[in-house]
Amino acid sequence: MSTAAIIVAAGRGTRLGGPVPKQYQRLGAEPGAEAVLTRTLRAALAAPELDAVLVAIHPDAAELYADAVAALDDPRLLPPVPGGATRSDTVRLALEALESMAPEVVLIHDAARPFASPALYAALADHARSGEGAIAAEPVADALWREVDGMADTPAPRAGLWRAQTPQAFPFGALLAAHRADGPPALDDAEVFRRAGGRVRLIQGEPENFKITTAADLARAGRVVEAGMSDIRVGHGFDVHRFCPGDRVWLCGVAIPHDRGLEGHSDADVGLHALADAIYGAIGDGDIGQHFPPSDPRWRGAASHVFLRHAGERVAARGGRIANVDVTLLCERPRIGPHAAAMKARIAEVLGLAPDRVSIKATTMERMGFVGREEGMGALATATVVLESK
Ligand code: MG
């Protein structure tokens with residue numbers, strides 16, 4: 001079977017006035033907004049035609065990279081390789097790293113283009129199987145002027161001019177050989193490939209596939225993401241645990257002194273269990289028992305924030321974010337009110353949300369039923385998740 005790999009060049013990258021290089025900056029100011037690189041990789045992983053995704057990073061950026069891919073759970077994403085001093089060195093090093101895999105086709109893409117569609121990746125990969133290179137490009141539509149001293153001086157003909165984007169796709173062996181041959185600095189991989197005698201087809205690119213070069217581009221990219229976040233999901237969760245002998249209960253991530261404990265395989269945090277299920281429910285992703293089977297000894301006595309964090313990461317992996325969560329605890333005792341602020345802060349911390357997006361409430365059951373008889377506790381939760389509409 002023929003295979004295709006993609007190299008995402010994330011080596012250098014200016015800071016655009018931000019604290020980190022642009023490919024690690026966030027797309028928009030909303031809590032949970034993903035990094036540019038995360039978005040680029042998610043788009044590539046959405047193309048089933050791509051069998052491997054390899055990112056070339058700056059040697060100092062291992063931590064930034066780990067953060068950016070934390071939510072991406074896909075075996076096609078290979079461990080990153082350190083890039084070189086120039087873009088061309090970076091691509092060559094990444095190609096060398098793929099040599100043992102020897103894909104039929106390789107695509108080269110800039111980390112700072114997060115909006116290439118899966119269809120574009122597929123079209124380019126498909127063409128490169130013919131033995132030619134293929135690059136995404138758009139015909140120049142604007143009038144072109146040569147400037148002298150700030151003045152429009154000479155009109156330049158635009159007929160036949162195309163603006164190259166990435167991805168660019170090539171037969172793997174031929175591109176690797178072309179990069180190994182020494183040459184003067186090249187504009188892009190199309191130039192390297194052509195110098196070695198290859199032919200490169202221009203494939204209609206996509207206007208949305210713009211490159212983030214300036215702070216204004218980054219702001220525009222954030223607006224594009226924002227405008228697409230309109231698929232609103234609500235999930236609910238419910239859980240109960242029985243009281244047992246003990247001296248504290250874990251509720252919403254906070255240990256509360258009590259004359260009993262709660263019985264369960266993990267720490268029996270009924271609030272966090274209901275909440276994790278609400279989040280899984282919002283994205284149709286099963287439930288806590290499916291992700292963390294009680295039969296698995298690893299979760300014996302586990303702190304339940306692990307489950308909650310996992311649910312939050314599943315939302316992030318879909319490019320979504322949590323808009324708000326709301327938990328109601330059902331018990332006669334202990335009193336929840338004095339601990340509600342700590343619970344709210346803990347949940348906000350685990351999910352990376354502002355505390356005003358977290359609500360903790362409690363009610364007694366007026367001495368009725370299992371809660372009223374203090375046999376156990378219950379919890380209800382809802383979560384609102386916003387996903388990008390497709
Ligand atoms: Mg439970």
Side-chain angles (χ1 to χ4, degrees), residues 4-14 16 18 20-30 32-50 53-57 65 68-69 71-72 74 76-77 87 107-127 134-142 162-169 188-190 202-231 315-321 386-390:
I6 185 166
I7 290 169
V8 176
R12 286 166 303 156
T14 50
L16 305 182
V20 295
K22 63 182 179 181
Q23 63 272 30
Y24 299 108
Q25 291 188 33
R26 306 274 151 192
L27 287 163
E30 292 293 326
E34 62 187 346
V36 173
L37 177 63
T38 312
R39 164 99 197 182
T40 304
L41 295 178
R42 225 162 34 71
L45 292 166
E49 293 81 2
L50 300 179
V53 178
L54 175 65
V55 186
I57 64 172
Y65 176 82
V69 301
L72 301 176
D74 193 311
R76 292 176 297 158
L77 183 60
R87 154 83 192 218
L107 285 75
I108 312 293
H109 190 44
D110 287 327
R113 289 187 190 268
F115 299 118
S117 74
L120 184 59
Y121 291 117
L124 291 160
D126 210 41
H127 189 83
I135 67 174
E138 289 211 291
V140 171
D142 300 324
W162 290 63
R163 292 184 296 118
Q165 305 179 344
T166 67
Q168 305 192 339
D188 60 4
D189 296 284
L202 295 164
I203 303 262
Q204 178 67 50
E206 298 169 335
E208 306 78 26
N209 181 27
F210 64 91
K211 184 173 181 177
I212 298 174
T213 307
T214 63
D217 296 332
L218 184 64
R220 174 184 170 201
R223 288 194 300 274
V224 169
V225 170
E226 262 333 288
M229 299 290 287
S230 57
D231 185 358
V315 172
R318 300 270 296 270
R321 60 169 176 262
V386 190
L387 299 177
E388 206 174 320
S389 45
K390 291 275 186 294

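Computed from heavy atoms alone, side chains included, the values below leave out hydrogens, waters and symmetry copies.
- Scanning both residues, Leu37 and Ala68, for their nearest heavy atoms gives CD2-CB, 4.2 Å.
- Listed by chain and number, the residues in a salt bridge (Lys or Arg N to Asp or Glu O under 4.0 Å) with Asp217 amount to none (sequence neighbours excluded).
- Asp126 meets the side-chain contact (heavy atoms from CB on, under 4.5 Å) test with Arg129; sequence neighbours excluded.
- The side chain to side chain contact (heavy atoms under 4.5 Å, CB included) test with Ile6 is passed by exactly one of Val55, Leu107, Ile108: Leu107.
- Side-chain contact check for Leu27 versus Val36: some heavy-atom pair is nearer than 4.5 Å.
- When all heavy atoms of Ala125 and Ala4 are compared, the pair lying nearest together is CB-CB, 4.5 Å.
- Expressed to the nearest 0.5 Å, how far CG of Leu124 lies from CG of Leu50 amounts to 10.0 Å.
- Closest approach of Ala317 and Ala71 over heavy atoms only: CB-O, 3.0 Å.
- Minimum interatomic distance between Thr40 and His109 (heavy atoms only, all atoms of both residues): CG2-CD2, 3.6 Å.
- Applying the side-chain contact (heavy atoms from CB on, under 4.5 Å) rule to Ala112 yields the partners Lys22, Lys211, Ile212; only residues at least two apart in sequence or on another chain are considered.
- Not a single side chain to side chain donor-acceptor pair (under 3.5 Å) links Arg26 to another residue, sequence neighbours left out.
- Among residues two or more places apart in sequence or in another chain, the side chain to side chain donor-acceptor pair (under 3.5 Å) test is passed with Glu208 by none.
- Judged purely by atom type and a 3.5 angstrom limit, Gln23 has no side-chain atom pairing as donor or acceptor with the backbone of Ala111.
- Residues satisfying the ring-ring contact (aromatic ring centres under 6.0 Å, His included) criterion with Phe115, sequence neighbours excluded, are Phe210.
- Remark: the backbone N or O of Glu138 is not paired with any side-chain donor or acceptor of Arg163 at under 3.5 angstrom.
- What you find for Arg42 and Ala316 is that their closest heavy atoms are CD-O, 4.3 Å.
- Listed by chain and number, the residues in a salt bridge (Lys or Arg N to Asp or Glu O under 4.0 Å) with Arg318 amount to none (sequence neighbours excluded).
- The side-chain contact (heavy atoms from CB on, under 4.5 Å) check on Ala56 picks up Val81, Thr90, Ala94, with sequence neighbours excluded.
- Residues passing the side chain to side chain donor-acceptor pair (under 3.5 Å) test with Glu388 are Arg39, sequence neighbours excluded.
- Distance CG/Leu41 to CZ/Arg76: 11.0 Å, rounded to 0.5 Å.
- In this structure, the side chain of Thr38 does not engage the main chain of Val69 through any donor-acceptor pair within 3.5 Å.
- The side chain to side chain donor-acceptor pair (under 3.5 Å) test applied to Tyr24 returns no partner, not counting sequence neighbours.
- Between Pro139 and Leu202, the closest side-chain pair of non-hydrogen atoms is not below 4.5 Å.
- With sequence neighbours left out, the salt bridge (Lys or Arg N to Asp or Glu O under 4.0 Å) criterion links Glu206 to no other residue.
- When all heavy atoms are compared, the tightest approach of Leu120 to Asn209 is CD2-ND2, 3.8 Å.
- In this view, Gln168 and Ile135, Ala164, Thr166, Phe170, Asp188, Asp189, Ala190 satisfy the side-chain contact (heavy atoms from CB on, under 4.5 Å) rule, not counting sequence neighbours.
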